[in-house]
Amino acid sequence: MVLHSTMSDRTDDPDNGDPGVATKTRTRTQRPPMYKVMLLNDDFTPMEFVVHVLERFFGVNHAQAFEIMLTVHKKGLAVVGVFSYEIAETKVAQVMDFARRHQHPLQCTLEKEE
Ligand code: TYC
C-alpha cells in the first residue's frame, strides 16, 4: 500500500514512508575486543620457572605447562591465553612482577586480537 503523501519522499528510511511496509534497522552489538597474552623466550630464565609461571597464573596442568614452555623455547614466543583487556593486563603484571622478584628476565606481553 503506497500512499502518495508528503512523507513518501523520506530517503533515509527503506520503506520510504510507506505505512504498509515494516522494516527493521539492525543494530549490531559489538563484542568486546580480546587480548592475547604472550610469553617471550630468553636465554636465562630457567625452564622450571616458566613451567611454574604457566601453572600458577594460567591454570594449566604440569604437562600442558611444559608443552607451552617448550613452544616458547623453540619458537621464540607463544600465546598462553586470550582474555578481556582487564584480565590480560592483570596476567601480564602478575607474571612480570613474579619474574622480577625472582630476578629472571622473563617477558610477558599482550596484543589486541585482530
Ligand atoms: N630459553 C630458556 C632456557 O633455555 C627457557 C625459557 C622458556 C625461557 C620460555 C623463557 O618464556 C620462556 N633456560
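Counting starts at 1 for both ligands and their atoms, in listed order.
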Per-atom contacts, ligand 1 versus Leu106 - under 4.0 Å to a heavy atom: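 So the answer, numbered in order with elements, is 10 (C), 11 (O), 12 (C).
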What atoms in ligand 1 come closer than 4.0 Å to a heavy atom of Leu40? 10 (C), 11 (O), 12 (C)
Compute the centroid of each ring, for Phe44 and then for Phe49, and state whether the two points are separated by less than 6.0 Å. no
Tell me which protein heavy atom sits closest to [atom], plus the residue, atom name and distance to 0.1 Å.
atom                   : answer
atom 6 (C) of ligand 1 : Asn41 OD1, 3.4 Å
atom 2 (C) of ligand 1 : Asp42 O, 3.2 Å
atom 5 (C) of ligand 1 : Thr45 O, 3.4 Å
atom 9 (C) of ligand 1 : Val72 CG1, 3.5 Å
atom 4 (O) of ligand 1 : His73 CE1, 3.1 Å

Indicate yes or no: at least one non-hydrogen side-chain atom of [X] is less than 4.5 angstrom from one of [Y].
X     : Y      : answer
Val53 : Leu106 : yes
Val95 : Leu39  : yes
Asp42 : Gln107 : no
Gln94 : Lys91  : yes

Please lay out, stage by stage, how Lys36 and Glu113 fare under the test salt bridge (charged side-chain N to carboxylate O under 4.0 Å, His left out). CA-CA 6 Å; Lys36 297 181 282 191; Glu113 242 190 8; over 6 Å; no
Under 3.5 Å, N or O to N or O, is Asp43 touching ligand 1 that way?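 No.
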